[in-house]
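Here is the structure we will look at, set down as structure tokens.
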Amino acid sequence: MKVAVLTGGGDCPGLNAVIRAIVRRASEHGFEMMGLRDGWKGLLDDNHFRLTRETTSGILHRGGTILGTSRVNPFKVENGLERVKRAIERNGIHAVIAIGGEGTLSAATRMSQEGLRIVGVPKTIDNDLNGTDFTFGFDTAVHIATEAVDRLHSTAESHKRVIVCEVMGRHVGWIATYAGIAGGADVILVPEIPADLEAVAQHLVRRNAGGRTFSIVVVAEGTRIKLSADQNEQLVTTGALDEAGRPRLGGVGNIVAAEIERRTGFETRVSVLGHIQRGGAPTAHDRVLATRFGVHACDMVARGEFGMMAALRGNDIVSEHLAEATRELKRVPKEFFEVAQVFFG
Ligand code: F6P
């Protein structure tokens, strides 16, 4: 039985660990594994290669994805679904394991509704996918962001500065909240709550008056802010679009820093972590989670659990409906954020 695997959307630490686990388990089931290059594009362009134990050894700890990735969505390409169906038929592919986030799993859901045999594996550093308690890649990103906040603390303290640290998080503030709590940030700004920059400034002034002469502000890239008094809060984008046609985010940290300096008079610097959070080796936690997802996904194919994805519930790996992943965003709950707020001050 031939099974194909793809990685789609933004990469994240742990993708190679999933691929390795799928291939190892597949050999026990007697599946022949095929790697699709660059996400769904691999099916559209019939671009793939054989995955074996040999070609997937030594990749457990490596960041990125040996399959390559893209944000190409077959439903947005002319005759995309037909081309995918033809490639599946031509190559005798029994099932496709799609490892991806919001975009990839939405397409996977639609394909399974079209009758294709699809199993999903949820991934994203943002941890915003519903239906799973955590995604791999998140822990690694939080580790990197926490280390950065620790480092920013010591230099902020020496110079008596405010430092704004911009982290990833397009729709949700999981990375900002976790790294902010772990790193002891004085303010955390997240997409779930539009930023009130005047309140932030007053808070920093109060801290300073209380003798705390430096502050760390963590802001998620997707935090909405008011750019002028007569406008509503909005996202800060670079003006460019990504491969999927979504606005590229970036720059909120610079605006927050400039506003803090203008309103408080405190010297304020900014540090944008960007893709450093997505690159490099996964943490041990992410390697284990990715490995468990990979083994489970392969077993799902063997059991014929199509239209489903591997998911983490508590400490168990379970099978969840694919549509659940994108039914709604998994936002940081209010009660969780309130824990972080205890330490603002
Ligand atoms: O979805 C994960 C993510 O890291 C988002 O936080 C971010 O907006 C996006 O990917 C950026 O991806 P890229 O730079 O690849 O377009």
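As the structure lists them, so they are numbered: ligands from 1, and atoms in each ligand from 1. Counting from 1, the numbers follow the sequence of the chain as shown.
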*asked:* Would the distance check show the side chain of Glu192 and the main-chain N or O of Gly173 forming a donor-acceptor pair, the cut-off being under 3.5 Å?
replied: yes

*Where does the angle between the aromatic ring planes of Tyr178 and Phe336 fall among parallel (under 30°), tilted (30 to 60°) and perpendicular (over 60°)?*
parallel

*Taking NZ, NE, NH1 and NH2 as the nitrogens, is one of them in Arg313 or Glu320 under 4.0 Å from a carboxylate oxygen of the other?*
yes

*Can Val272 be reached from Leu235 by stepping across I, L, V, M, F, W or Y side chains whose heavy atoms are under 4.5 Å apart?*
no

*Do Glu338 and Lys334 sit within salt-bridge range, that is, some charged N less than 4.0 Å from a carboxylate O?*
yes

*Indicate whether the side chain of Thr52 and that of Thr55 have a donor and an acceptor atom separated by less than 3.5 Å.*
yes

Report every pair formed by an N or O atom of ligand 1 and a protein N or O atom separated by less than 3.5 Å, giving atom names and the distance to 0.1 Å.
unit_1, atom_1, unit_2, atom_2, d
ligand 1, 1 (O), Asp126, OD2, 3.4
ligand 1, 4 (O), Arg278, NH1, 3.3
ligand 1, 6 (O), Asp126, OD1, 3.0
ligand 1, 6 (O), Asp126, OD2, 2.9
ligand 1, 6 (O), Gly169, N, 3.3
ligand 1, 6 (O), Glu221, OE2, 2.7
ligand 1, 8 (O), Glu221, OE2, 2.7
ligand 1, 10 (O), Arg278, NH1, 2.9
ligand 1, 12 (O), Arg71, NH2, 3.3
ligand 1, 12 (O), Arg278, NH1, 2.8
ligand 1, 14 (O), His275, NE2, 2.6
ligand 1, 15 (O), Arg71, NH1, 3.3
ligand 1, 15 (O), Arg278, NH1, 3.3
ligand 1, 15 (O), Arg278, NH2, 2.9
ligand 1, 16 (O), Arg71, NH1, 3.1

